Structures are given as C-alpha cells and as structure tokens.
Amino acid sequence: MTSVRPRRRELAERSSSGTQVRLLWRQGTRQLWVEVREPDDRVLTIPVQPERALDAFRHPYAFAGSQSLRLQTQSIAARERRPQAADKKCREQ
C-alpha cells in the first residue's frame, strides 16, 4: 500500500513591489503557513495557526517579528547553484 501525502493548496496570493506572499494549507490537516518570496529569490516560511492565518498573510513580517518562531529562510538561487555532491555531503554531517 502506498501512502499519499496530502496536497498543498494555495488559499490566497498577493504581490507588492516584487515580493510575493502566499497563504498555503496542507489539505486534510490543520497545517498552514505563509510563504514570502523576496525579489532576490529568498524565501521566508512562517508556520501559522489557523485562527491567525489571515493576520500572518496580511502582515507577514510583523507577524513573524511578534512570534517566538524559528523561521526558515533560504536562498533558492544558492540552493540551485550548489552541486548535488555538496548536498549529499551536507546531509551526511
């Protein structure tokens, strides 16, 4: 039997000055997060509780600053340039 991972659904999207903000939900769960994609391809992922999702979507930086969250920021461009051998070496350490 193969397990099926719940689909990711986009609930809302907006952009301003090159910054894209999306509210995402893992279908069939209570997992929601806001993804902020900066013009320089950095991505900020903010996990949110369902009752705070619209606040986080409307004001992601203020929301992230008010939470004691461990935010995940990464540069997509840097990840794409890194050779796969380096990825494997990083995972092994």
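Nothing here was measured: the structure is a model prediction, and the numbers come from that model.
In this structure the side chain of Glu38 never reaches within 4.5 angstrom of the side chain of Val43, judged on heavy atoms. Contact check for Ile46 versus Trp33: no side-chain heavy atoms found under the 4.5 Å cut-off. For the pair Phe63/Val48, a side-chain contact is recorded, criterion being any heavy-atom separation below 4.5 Å from C-beta on. Side chains of Gln20 and Glu13 form a contact here, defined as non-hydrogen atoms less than 4.5 Å apart. The side-chain heavy atoms of Leu32 and Leu11, taken from C-beta on, include a pair separated by under 4.5 Å. Looking only at side-chain heavy atoms (C-beta outward), Thr19 and Tyr61 come within less than 4.5 Å of each other.
The two residues Ser17 and Pro39 have their closest heavy-atom pair at O-CG, 3.8 Å. Listed here is the closest heavy atom pair of Pro50 and Arg30: CG-NH2, 3.6 Å.
Between the CZ atom in Arg9 and the CD atom in Gln27 there is a gap of 5.0 Å [rounded to 0.5 Å].
Checked for salt-bridge contact, Glu10 and Arg22 meet the test: a charged N lies under 4.0 Å from a carboxylate O.
Annotation: cation-pi geometry satisfied between Arg14 and Phe57 (NZ/CZ under 6.0 angstrom from ring centroid, within 45° of ring axis).
One hydrophobic cluster, built from ILVMFWY side chains closer than 4.5 Å, holds both Leu23 and Leu44.
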